[in-house]
Number of protein chains: 2
Amino acid sequence: MGVTKTEAFSAIDNRIARYAKALAHPARIAILKLLIKRQACICGDIVHELPLSQSTVSQHLRELKKARLIRGDIEGASVCYCIDAAEWAKASALTRAFFEVQPGAAAKCC
Amino acid sequence: MGVTKTEAFSAIDNRIARYAKALAHPARIAILKLLIKRQACICGDIVHELPLSQSTVSQHLRELKKARLIRGDIEGASVCYCIDAAEWAKASALTRAFFEVQPGAAAKCC
DNA sequence: GAAAATTATCGTAATATTGCGATGAATAAG
DNA sequence: CTTATTCATCGCAATATTACGATAATTTTC
């Protein structure tokens, strides 16, 4: 149904999935990398760096905002985006914890 | 268009996005956790552990297989699934590298 | 104030995702 | 051989995603 049975899964699992969903598109990976690289925030420069239309980039930024990974501060006529450090740390920690469980134990199948 | 401009982004960004997409659903997080927890692989036990129908679980397993994060070995009438250790390590490393760039520098906005 | 620049949002189109029941294919059990 | 078990796949319905152009809302510049 294109609709996820959110309530059927744990809060942690939903949260990891939420972060993963935000990263599930190369454009959003590229945007986040840009925001990190320039440290200070960027506005519509992102549009010029990506091979996508302005409206599409805006939509991706909105997705990232929805996942709380970035913030956008209005700066005159333009908007300044940046990584939300707290949420970023949370996403990083949860994802790492998820991947780090039993690093080698997964090797053998049946 | 529901279609991603894959060719417009770097191989690394596409790869991270591919892994993230596989993790972008709580059911798949739960499945992976199960596979890790039981070390050895499982088959349709997954269906009994999740509040989803057999066909839906099968579809999620297929997604995970598409991302190469798991493998499925036929074991008589049933199928044994397990984490693909090599790919798992790659996903872990790429994701970690992505998150670890400039841990604190993202704090300040404009 | 009028024109230009910067973003967000709306509308549309194409495709993807999520979920389920039903059906198939394969092996195991009787 | 027939029947049950196990799993994948098909078909369907509802919704979501990706992308773009057009438009609207701000703000700056002239």
Side-chain angles (χ1 to χ4, degrees), chain A residues 1-9 13-14 17-31 34-35 41-67 70-82 109-110, chain B residues 1-9 13-14 17-31 34-35 41-67 70-82 109-110:
Chain A
M1 303 161 179
V3 84
T4 293
K5 282 185 148 186
T6 311
E7 75 290 351
F9 302 99
D13 290 358
N14 272 298
R18 171 161 73 84
Y19 291 132
K21 199 172 174 182
L23 306 186
H25 195 290
R28 292 196 287 271
I29 298 290
I31 289 173
L34 250 186
L35 290 182
C41 324
I42 321 174
C43 16
D45 294 341
I46 301 171
V47 175
H48 295 111
E49 292 283 351
L50 297 192
L52 296 173
S53 77
Q54 181 264 321
S55 61
T56 301
V57 171
S58 192
Q59 227 167 15
H60 282 303
L61 287 169
R62 193 214 229 165
E63 281 300 304
L64 290 171
K65 249 194 302 191
K66 208 175 72 180
I70 67 172
R71 277 173 27 216
D73 293 353
I74 298 174
E75 191 89 5
S78 49
V79 176
C80 183
Y81 282 101
C82 63
C109 207
C110 293
Chain B
M1 303 160 180
V3 85
T4 293
K5 281 185 149 185
T6 310
E7 76 288 351
F9 302 98
D13 290 358
N14 272 300
R18 171 159 73 85
Y19 291 132
K21 199 172 176 184
L23 305 187
H25 194 290
R28 292 195 287 270
I29 298 290
I31 289 173
L34 249 186
L35 290 181
C41 324
I42 321 175
C43 16
D45 294 341
I46 301 171
V47 174
H48 296 110
E49 293 282 351
L50 296 192
L52 297 172
S53 78
Q54 182 262 322
S55 62
T56 302
V57 170
S58 191
Q59 225 166 14
H60 282 303
L61 288 169
R62 194 216 229 163
E63 281 301 304
L64 290 171
K65 247 193 305 191
K66 208 174 71 180
I70 67 172
R71 276 174 27 216
D73 293 352
I74 298 175
E75 190 88 5
S78 50
V79 176
C80 183
Y81 282 101
C82 64
C109 207
C110 293

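No experiment lies behind these values; they were computed from the predicted model shown. By convention in this document, chain letters (A, B, ...) are assigned in the order of the sequence lines, proteins followed by strands, and residues within each chain are numbered from 1.
Close to C:dG19, at under 4.0 Å from its OP1 or OP2, lies a side-chain N or O of B:H60. The phosphate of D:dT6 (OP1 or OP2) has no side-chain N or O of B:Y81 nearer than 4.0 angstrom.
For A:R62 and D:dA19, the CZ to P distance is 15 Å, given to the nearest whole Å. When the P atom of C:dG19 is taken as reference, atom CD of A:E7 falls 9 Å away, rounded to whole Å. Taking atom CD on B:E63 and atom C1' on D:dT17, their separation rounds to 14 Å, with Å as the unit. Atom NE2 of A:H48 is separated from atom C1' of C:dA5 by 10 Å (rounded to the nearest Å). Whole-Å rounding puts the A:K66 NZ to C:dT9 C1' distance at 15 Å. If you take CG of A:D73 and P of C:dT6, they are 19 Å apart, rounded to a whole angstrom.
Residues from residues 18-27 of chain B with heavy atoms under 4.0 angstrom of DNA chain D: there are none.
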Starting at the 5' end of nucleotides 20-25 of chain D, put B wherever the base has a protein heavy atom under 4.0 Å, S where only the sugar-phosphate does, and a dash everywhere else. BBB---
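Screening B:T56, B:L64, B:V57 for a side-chain contact (heavy atoms from CB on, under 4.5 Å) involving B:H60 leaves a single residue, B:T56.
For B:T4 and B:T6, the side-chain atoms include no donor-acceptor pair closer than 3.5 Å.
Rounding to the nearest 0.5 angstrom, the gap separating the CD atom in B:E63 from the NZ atom in B:K21 is 7.0 Å. In this structure, B:Q59 CD and B:Q54 CD are separated by 10.5 Å, a value rounded to the nearest 0.5 Å. To the nearest 0.5 Å, the span separating CZ on A:F9 from CG on B:L52 amounts to 4.5 Å. The structure places CG of B:L50 at 5.5 Å from CD1 of B:I31, a figure rounded to the nearest 0.5 Å.
In this structure, B:R71 contributes its side chain and B:K65 its backbone to no donor-acceptor pair below 3.5 Å. A distance-only check finds a donor-acceptor pair linking the side chain of A:R28 to the backbone of A:A22 [under 3.5 Å]. Looking only at distances, a side-chain donor or acceptor of A:K5 sits under 3.5 Å from a matching main-chain atom of B:P51.
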Shorter than 3.5 Å, N or O on both sides, protein versus nucleotides 26-30 of chain D: list them out with atom names.
residue	atom	partner	partner atom	Å
D:dT27	O3'	A:A77	N	3.4

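In terms of position on DNA chain D, the residue among B:D45 and B:F9 whose nearest nucleotide sits closer to the 5' end is B:D45. Of the two residues near DNA chain C, A:T4 and A:V47, the one whose nearest nucleotide lies more 5' is A:V47.
The shortest distance between side-chain heavy atoms of A:I42 and A:L34 falls below 4.5 Å. Counting only heavy atoms from C-beta outward, the side chains of A:Y81 and A:L35 approach each other to under 4.5 Å.
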